[in-house]
Structure formats: structure tokens, C-alpha cells
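The structure under discussion appears below in the form of C-alpha cells.
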Amino acid sequence: MLLECCSQERTYLRYYGLLGQRFCIFIKILFQELLEHLGIRLLNERLSDPLMQDSYDSIFPKDNPKNTRFAINFFTSIGLGGITENLREYLKNMTRLIMQQQKAVSESGSSSDSDSDGSESSSSSSSESESDDDRRRRKKRRN
């Protein structure tokens, strides 16, 4: 609703930016209080409840990788990265699915040229292994 109101204005109004900032401070405090009272295990169980997933769609978006990354970064920055494990897993699987779809499209589009297929598949597999290595390094740094 806040974004809709802001988009109706002809020029930027600082008021909406300040409201957005306060709303983020509210979400931060709300989830920190929930974590303090419930603990990370119980909070994750409650957030994973299938009956409530529709209610959490706007807080933990799965519609677009950009929105999913934003939610992960937001909760991680306020010290609540533990509640984003489901989003991280979803993003990892979504990225793989998108890469497989793009690979299938590129293979079907260039089926007449077999030389380019071989070079594309080898470059994509090497980039996938490099990104896996990068993820492992980041996990080691966190630990």
C-alpha cells in the first residue's frame, strides 16, 4: 500500500521514504522480539507452517530472485539470518532451475551448430563449479 501511494505522486515525497524506514524498524523489532520469546527453532517452525504461508508471502517473497535476495539480506543484516534458511534453499533451487531452463533453450536454439553447444556447455559447467567453490569459501568464512 505504501508503494502504491508513493507511485501515485508526481514527484518524490520524503514522507513516504520516512514511512518505509519506520516500517522496516517495526519489522526488525517485531521479529527480534519474536526470536527472543520463542527461540530460533520454534520461530522457524511457526514460519514454516503450511497454513500460514500465504500470510508470509510479502515478508518472505518467492516471486522473483531479486525480491528473495532482498529479504534474505534484510533479515541477515538485522541479525535474523537463521529464519531465512528456507528462502536460501528456495533461491538456490530456483537459480538452478533457471540455469537449466536457459541451457535447454540455448541448446534447442542452436541445435544446428554442434561446435558452439560443446563450448557453451563446458563454459557453463566450469562457471557452475566456480560458483559452488565460492559458496563453500563463504561458508567457511562465516564459521
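Worth saying up front: this structure is predicted, and the values here are computed from it rather than measured.
Counting only distance, with no hydrogens or angles, the side chain of Gln21 and the backbone of Tyr16 share no donor-acceptor pair below 3.5 Å.
Atom OG of residue Ser77 and atom NZ of residue Lys28 lie 8.0 Å apart, to the nearest 0.5 angstrom. The CD1 atom of Ile40 lies 8.5 Å from the CD atom of Glu85; values are rounded to the nearest 0.5 Å. Summarising the geometry, atom NE2 belonging to His37 is positioned 11.5 Å from atom CD belonging to Gln32; distances are rounded to the nearest 0.5 Å. Asn67 contributes atom CG, which lies 4.5 Å from atom CG of Asp63 (distance to the nearest 0.5 angstrom). Atom CD1 of Ile78 is separated from atom CZ of Phe75 by 5.5 Å, given to the nearest 0.5 angstrom. From Arg69, atom CZ reaches atom CG of Asn64 across 8.5 Å, with rounding to the nearest 0.5 Å.
For the side-chain hydrogen bond (donor to acceptor under 3.5 Å, both in side chains) test, residues two or more places apart in sequence or in another chain that qualify with Thr84 are Arg88. Partners of Asn44 by side-chain hydrogen bond (donor to acceptor under 3.5 Å, both in side chains), not counting sequence neighbours: none found. Evaluation of the side-chain hydrogen bond (donor to acceptor under 3.5 Å, both in side chains) rule for Asn73 yields no partner, not counting sequence neighbours. Here Gln8 pairs with Glu4 under the side-chain hydrogen bond (donor to acceptor under 3.5 Å, both in side chains) rule; sequence neighbours left out.
Both Leu87 and Met52 are part of a single hydrophobic cluster, where members link through side-chain heavy atoms under 4.5 Å apart. In the hydrophobic clustering of ILVMFWY residues, with side-chain heavy atoms under 4.5 Å counting as a link, Leu80 and Leu42 come out together. Residues Leu18 and Phe26 do not share a hydrophobic cluster, clusters being chains of Ile/Leu/Val/Met/Phe/Trp/Tyr side chains in contact below 4.5 Å. Hydrophobic clustering (ILVMFWY, side-chain heavy atoms < 4.5 Å, transitive): Leu30 and Phe23 are in one cluster.
Surrounding OH of Tyr12 are more than 12 heavy atoms belonging to other residues, nucleotides or ligands, all under 6.0 Å away.
No side-chain heavy atom of Phe31 sits under 4.5 Å from any side-chain heavy atom of Leu35. Counting heavy atoms from C-beta on, the side chains of Met99 and Lys103 never come closer than 4.5 Å. Counting heavy atoms from C-beta outward, Ser48 and Asn86 have side chains that approach closer than 4.5 Å.
Under the salt bridge (charged side-chain N to carboxylate O under 4.0 Å, His left out) criterion, the residue pairs touching residues 29-50 are Arg41-Glu45, with sequence neighbours excluded.
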Please report, to 0.1 Å, the donor-acceptor pairs under 3.5 Å made by any side chain of residues 55-62, with sequence neighbours excluded.
none

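Ile83 pairs with exactly one of Ile72, Thr76, Leu47 by the side-chain contact (heavy atoms from CB on, under 4.5 Å) rule, that one being Leu47.
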